[in-house]
Amino acid sequence: MASDSNYNRRYIIQAVFVVAAVLLVGKALYIQLLDPSYGKNAEATAIQEYTVYPARGLLYDRDNKLLIYNTPVYDIMVTYNLIDKDHFDTTRFCNLLNITKEHFENTLNKNWKKDKRYSKAVPFPFISKISPEVCVRFQESMYEFPGFFVQLRHARGYPHHNAAHVLGYIREVNPEEIAKNPALYELSDYIGASGLEKFYEKELSGTKGTRLVLKDNLGRDVGPYKGKTSDIAPTAGADIVTSISLELQQYGEMLMQNKIGSVVAIDPQTGEVLAMISSPAYDPNVLTLNQNRGKEYVRLLSDSNNIFLDRSVQAMYPPGSLFKPIVGLIAMQEKVLNPDRTIGCSMGYYGGGLRTACHSHPTCTNVAMAIQHSCNAYFVTVYRDMIDKYGFYNPQRGLDTFGGYLEKMGLGRRLSIDFPNENRGFYPNAKYYNTIFERQQAGQKWNSNWVRSVGIGQGEMLLTPLQMANLGAMIANRGYYYTPHLIRGYYKNSTKKIDARYREKHDSGINRVHFDPVVEGMRGAVTGGTARGANLPDIPICGKTGTAENPHGKDHSIFYGFAPMDNPRIAIAVYVENAGFGATYAVPIASLMIEKYLTHEIRPERKYLEERMLNANLLSSKP
């Protein structure tokens with residue numbers, strides 16, 4: 001019985017081994033013959049992480065017209081350590097990419113020890129911005145060249161030729177930007193370099209994703225790691241709706257062609273910037289990321305007209321007579337000016353042996369009439385009265401009181417528009433004059449007569465066109481303004497909201513009642529004063545001309561105003577350098593733009609004026 005039991009146990013053990021052997025052989029056959037993934041994974045020696053770049057956010061105008069779109073750009077990337085140097089066909093590689101062997105060697109060989117931008121184990125750009133045709137040709141043979149791969153990025157395209165300064169452009173990040181934000185940027189990434197592209201870089205850029213790929217011992221792709229379950233999808237940038245009216249921006253750029261200066265238009269009811277023009281301008285398409293970009297950038301940079309200067313926010317100009325309504329408002333608020341005061345003018349103001357010239361006009365019997373005829377004598381007198389409010393020998397206190405109102409109106413400081421490189425302008429205060437006279441006049445004290453030119457917007461007074469337009473909006477609103485801004489919202493279903501600060505009112509500190517004579521005077525300037533060229537029979541425009549003295553050549557032509565007179569929808573400032581009187585160029589350009597914005601057309605009887613502006617070339621007479 002014992003022998004039979006041992007015999008049976010032996011057969012059971014043998015059967016177990018046989019079954020186990022069959023299972024093992026079957027599994028081996030399945031792995032080797034039926035399931036290729038195991039063979040591939042067995043060959044895999046590394047996991048390569050690739051960056052997946054998000055689509056950059058688009059920009060639209062206020063009517064949802066597309067201003068910027070994305071266009072694909074292809075880069076050839078390389079990881080030096082993965083190159084199969086023993087079997088690399090350099091000739092074939094160079095022919096595929098249309099490059100020379102010298103270019104191949106120079107691009108591939110880096111100063112690995114000293115140049116911290118490059119590492120032999122980290123991919124870096126070998127060739128940037130190749131054409132789609134070259135990309136397709138290379139991808140068909142890419143398996144022959146381990147270590148090289150194609151990287152898709154998103155460059156910018158522009159369906160229109162306008163608003164280059166406003167929109168801005170993108171470029172590759174520099175080492176300083178990478179060092180400052182290593183988690184956000186790496187070599188060859190793109191970043192907003194100017195305009196809205198720069199200011200809203202965080203919102204537009206989106207978030208990168210990652211793609212993990214198995215590599216074999218020759219650096220070739222085996223397949224996605226863990227079936228893509230470890231991949232992270234990129235998040236596209238936010239699409240922004242700007243406040244710009246493309247129609248008005250295009251029209252304004254046409255009127256300002258062959259001229260130097262700026263036009264800024266604002267909706268007084270919201271602070272939204274309707275147009276922001278810097279002239280001369282350029283076509284944004286020339287700075288797209290293509291092979292000619294470097295050459296075009298150098299050409300624009302070397303232009304004698306300083307094309308890259310955004311005059312709307314960076315240029316500082318004397319406001320000239322545009323400053324007179326401001327002087328009147330502050331003086332009335334401080335009770336040093338009665339709105340019905342009469343001040344005589346004998347072709348100018350005379351005081352202290354000095355004369356401030358004025359043109360011929362009727363005697364101004366009130367503030368409104370003085371603004372209508374832009375009387376220098378009237379506003380020099382009023383300004384001096386304001387500065388001397390606390391006594392002739394205490395002008396410092398009067399000037400600083402005056403400056404306090406200017407500060408509230410957004411002068412001498414940045415308005416904090418959502419746009420880079422805004423200048424603050426300048427207005428002189430007591431400390432400034434104390435320093436100047438101490439240094440230049442051997443300790444002699446200054447008085448209101450010595451600084452009287454500020455009362456008519458000359459002297460040291462400097463404003464940006466944006467600040468001038470904002471003053472127009474402040475007067476249009478009879479005492480307050482909203483921070484000018486270029487964002488209107490986010491496109492369609494986005495839950496993002498614009499910054500609440502753009503909805504906050506900023507009070508000028510001037511009582512509303514004092515704006516009535518000022519607005520009346522600005523309306524009178526258009527109907528029967530220095531700005532008659534802006535008059536439209538069915539659109540009540542209020543405005544003020546200016547002719548800013550230019551010691552280097554012909555004076556500058558200036559205008560600011562708003563329309564309609566009640567319930568205003570647009571405030572505008574026009575500054576044309578070396579163009580003479582305000583009525584010559586600034587007034588017609590402003591009135592045409594107001595008409596275009598409010599009616600979307602120019603009536604036939606004013607076409608002659610439009611043609612004159614379009615055909616005027618002031619660049620040829622530039623000093």
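These values consider heavy atoms only, across backbone and side chains, with no hydrogens, waters or symmetry-generated copies.
Between the side chains of N162 and E253, at least one donor-acceptor pair of N or O atoms lies under 3.5 Å. A donor-acceptor pair shorter than 3.5 Å can be found between the side chains of D388 and S448. Between Y482 and Q269, the side chains place no donor N or O within less than 3.5 Å of an acceptor N or O (distance only, hydrogens not considered). Under 3.5 Å, the side chains of S279 and R311 contain no donor-acceptor pair of N or O atoms. Residues S591 and R606 bring a donor and an acceptor atom of their side chains to less than 3.5 Å of each other.
Electrostatic pairing of E610 and K607 counts as a salt bridge here, judged by a charged N lying under 4.0 Å from a carboxylate O. Salt-bridge annotation for D267 and R488: absent, with no side-chain N of the basic residue lying under 4.0 Å from a carboxylate O of the acidic one. Checked for salt-bridge contact, D538 and R603 meet the test: a charged N lies under 4.0 Å from a carboxylate O. The existence of a salt bridge linking R478 and D566 is confirmed by a sub-4.0 Å separation between a basic side-chain nitrogen and an acidic carboxylate oxygen.
When ring centroids are compared, Y433 and W450 stay outside the 6.0 Å threshold. Residues Y575 and Y317 bring their aromatic ring centres within 6.0 Å.
Between Q396 and W446 there is a side-chain heavy-atom pair separated by less than 4.5 Å. Counting heavy atoms from C-beta outward, L486 and E272 have side chains that stay 4.5 Å or more apart. Side-chain contact between P319 and M461 is present, with at least one heavy-atom pair separated by less than 4.5 Å.
Taking the centre and axis of the six-membered ring of Y390, the NZ or CZ atom of R397 falls inside the cone set by 45° and 6.0 Å. Cation-pi geometry between K324 and F379 is not met: the NZ or CZ atom fails to fall both under 6.0 Å from the ring centre and inside 45° of the normal.
What you find for L592 and I602 is that their closest heavy atoms are O-CD1, 3.5 Å. In terms of heavy-atom proximity, I417 sits nearest to H485 at CG1-CA, 4.1 Å. Residue M522 comes nearest to I371 through the heavy atom pair N-CG2, 3.8 Å, listed as atom of the first residue, atom of the second, then distance.
When the shell of 6.0 Å around CZ of F581 is examined, it contains 12 or fewer heavy atoms from other residues, nucleotides or ligands.
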